[in-house]
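Below is one structure; the comments refer to it alone.
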Amino acid sequence: MKNRLLLLAITAIIITSCSPKVKPLASRYAATNKVYTEHADSLSKVLLAENPAMLTDSLGRPISSEWVGTVNFNLRKPNYVVIHYTAQDSLAQTIKTFTLVRPQVSAHYVISKDGTVVHMLNDYMRAWHAGVGKWGSISDMNSCSIGIELDNKGNEPFAPAQISSLLALLAKLKKDYNIPTANFIGHGDVAPGRKPDPGIRFPWELLASRGFGYYSDMIIVSAPANFDSATALRLIGYDTRNLPAAIGAFKRHFVQREESTRLTQFDLDVLYNVYQKY
């Protein structure tokens, strides 16, 4: 019996030692990490340049200019968080997409179904995640936001471990950059009619209970008869130039029951409740 147990133990050791070991992401993407470092270095040289403005007047004559560095400055910090779903098959597929030049897309963070958080870009740098869109008066969300991608195809529930990691990450970002509660939004909010993510399955109510975005109260006061829904949507931040698209985006985020572009009385009551928080 002892010999048999010893044989089994030796066999297990041999099998384990011969099994291929999964390399950490940093090792598997050493080549793209090198490109990242080189690109970051080139950007740092731009930041460190001390060149006076080279200007000319209307007659083409040079205008006298000099460089004198101020002592009062810091990095521009992100002021919004935009949440997405990847609409891809796996974390590996998304990371591959974000490490190829051709797609021209990226995000600061990607969170897998098992809760693993992959940080892909320094928070102070500008990722290419929001694209064409508008929120309030901001028409370039990439320049003022952090993009977070959740590994999800868009037609499935979000994994508990994934949401747990997201909440931890949002808490850190809110603390680090003093991001206002109202400024945690979805891709579909800033690009109504073009993007639906993170979709009607995303737990916005849970996030709001932790201080990441707003949501309607349990007890909803009915909207008054003269309630201007279009103005309310605009005051929240939605681009109402395409009003049906804005309504659809609002309903995906705050009603999460249907993806129509018509406001029912219940939808109006929710909208009235929500807009008063902004």
Side-chain angles (χ1 to χ4, degrees), residues 76-86 106-111 115 117-131 133-152 154 157-192 194-217 232-239 246 248-256 270-271 273-278:
R76 294 182 178 180
K77 69 180 183 67
N79 196 42
Y80 285 84
V81 170
V82 180
I83 300 172
H84 311 247
Y85 59 54
T86 60
S106 60
H108 293 87
Y109 297 89
V110 184
I111 304 179
V117 178
V118 181
H119 195 178
M120 300 196 71
L121 182 66
N122 185 290
D123 295 347
Y124 286 97
M125 292 186 179
R126 183 179 185 274
W128 301 345
H129 64 98
K134 190 174 184 291
W135 187 250
S137 61
I138 301 171
S139 58
D140 180 10
M141 289 302 300
N142 283 338
S143 292
C144 62
S145 66
I146 287 178
I148 300 176
E149 292 274 0
L150 302 176
D151 179 23
N152 185 290
F158 291 87
Q162 186 177 53
I163 297 302
S164 179
S165 292
L166 174 64
L167 290 171
L169 175 58
L170 294 181
K172 182 179 187 304
L173 296 175
K174 185 174 186 178
K175 179 181 178 182
D176 288 350
Y177 306 116
N178 195 29
I179 297 175
T181 297
N183 292 4
F184 294 83
I185 53 181
H187 195 190
D189 294 317
V190 303
R194 188 174 69 84
K195 292 290 183 179
D197 51 317
I200 61 174
R201 294 175 179 265
F202 186 73
W204 283 115
E205 186 174 10
L206 173 61
L207 264 67
S209 71
R210 304 291 181 87
F212 313 123
Y214 290 124
Y215 205 76
S216 63
D217 298 324
L233 287 167
R234 181 175 54 79
L235 291 175
I236 289 173
Y238 288 100
D239 181 0
F250 169 81
K251 292 182 68 169
R252 277 192 297 271
H253 186 139
F254 293 99
V255 182
Q256 300 186 281
V270 171
L271 175 57
N273 179 270
V274 170
Y275 110 93
Q276 294 182 87
K277 300 176 185 289
Y278 285 82

> ring-ring contact (aromatic ring centres under 6.0 Å, His included) with Tyr215: which residues, sequence neighbours excluded?
Replying inline: none
> Are any non-hydrogen side-chain atoms of Tyr278 and Leu235 less than 4.5 angstrom apart?
Replying inline: no
> Are Ile236 and Leu271 close enough, and set up right, to give a side-chain contact (heavy atoms from CB on, under 4.5 Å), and what steps lead you there?
Replying inline: CA-CA 9 Å; Ile236 289 173; Leu271 175 57; 3.7 Å; yes
>> According to salt bridge (Lys or Arg N to Asp or Glu O under 4.0 Å), does anything in residues 158-167 pair up with another residue at least two apart or in another chain? List the pairs.
In response: none
>> List the residues meeting side chain to side chain contact (heavy atoms under 4.5 Å, CB included) with Asp189, not counting sequence neighbours, and say none if there are none.
In response: Trp135, Ile185, Trp204, Tyr238, His253
>> Taking Ala107's backbone N and O only, do any of them form a donor-acceptor pair with Glu149's side chain (distance below 3.5 Å, no angle check)?
In response: no
> Ile138 versus Cys144: any side-chain heavy-atom pair under 4.5 Å?
Replying inline: yes
> Does the side chain of Ile146 reach to within under 4.5 Å of the side chain of Val82, using non-hydrogen atoms?
Replying inline: no
> Can you list every pair that meets salt bridge (Lys or Arg N to Asp or Glu O under 4.0 Å) and has a residue in residues 166-178, with sequence neighbours left out?
Replying inline: Lys172-Asp176
> Listed by chain and number, what are the side chain to side chain contact (heavy atoms under 4.5 Å, CB included) partners of Ser165, not counting sequence neighbours?
Replying inline: Ile111, Val117
> Given side chains that start at C-beta, do those of Lys77 and Tyr124 come closer than 4.5 Å, heavy atoms only?
Replying inline: yes
> Going by the salt bridge (Lys or Arg N to Asp or Glu O under 4.0 Å) test, which pairs reach into residues 133-146, not counting sequence neighbours?
Replying inline: Arg126-Asp140
> For Tyr177, which residues count as a side-chain hydrogen bond (donor to acceptor under 3.5 Å, both in side chains) partner, sequence neighbours excluded?
Replying inline: Asp123
>> What's the separation between atom CG in Leu169 and atom NE2 in His119, rounded to the nearest 0.5 Å?
In response: 8.0 Å
> Within a strict 4.5 Å, meaning less than it, do heavy atoms of the Pro198 and Phe158 side chains meet?
Replying inline: yes
>> Going by the rule ring-ring contact (aromatic ring centres under 6.0 Å, His included), which residues pair with Phe184 if we only count those two or more places apart in sequence or in a different chain?
In response: Phe212
> Excluding sequence neighbours, so at least two apart, what forms side chain to side chain contact (heavy atoms under 4.5 Å, CB included) with Pro160?
Replying inline: none
> How far does OG of Ser216 sit from CD of Gln256, to the nearest 0.5 angstrom?
Replying inline: 9.0 Å
> Is there side-chain contact between Leu207 and Ile83, with heavy atoms separated by less than 4.5 Å?
Replying inline: yes
> Does the side chain of Ile163 reach to within under 4.5 Å of the side chain of Pro203, using non-hydrogen atoms?
Replying inline: yes
> Residues in ring-ring contact (aromatic ring centres under 6.0 Å, His included) with His84, at least two apart?
Replying inline: His129, His187
> Any side-chain heavy atom of Phe202 sitting closer than 4.5 Å to one from Asn152?
Replying inline: no
>> Rounded at 0.5 Å granularity, tell me how far CD1 in Ile148 sits from CE in Met120.
In response: 14.0 Å
> Which residue pairs pass the salt bridge (Lys or Arg N to Asp or Glu O under 4.0 Å) test with at least one member in residues 199-212, sequence neighbours excluded?
Replying inline: none
> Which heavy atom of Ser145 sits nearest a heavy atom of Pro78, and at what distance?
Replying inline: C-CB, 4.3 Å
>> Under the rule for side-chain hydrogen bond (donor to acceptor under 3.5 Å, both in side chains), what residues qualify as partners of Asn273, not counting sequence neighbours?
In response: Asp217
> Say you draw a straight line from OH of Tyr109 to CG of Leu173; how long is it, rounded to the nearest 0.5 Å?
Replying inline: 5.0 Å
> Backbone N or O of Ala130 within a donor-acceptor pair of the Asn142 side chain at under 3.5 Å?
Replying inline: yes
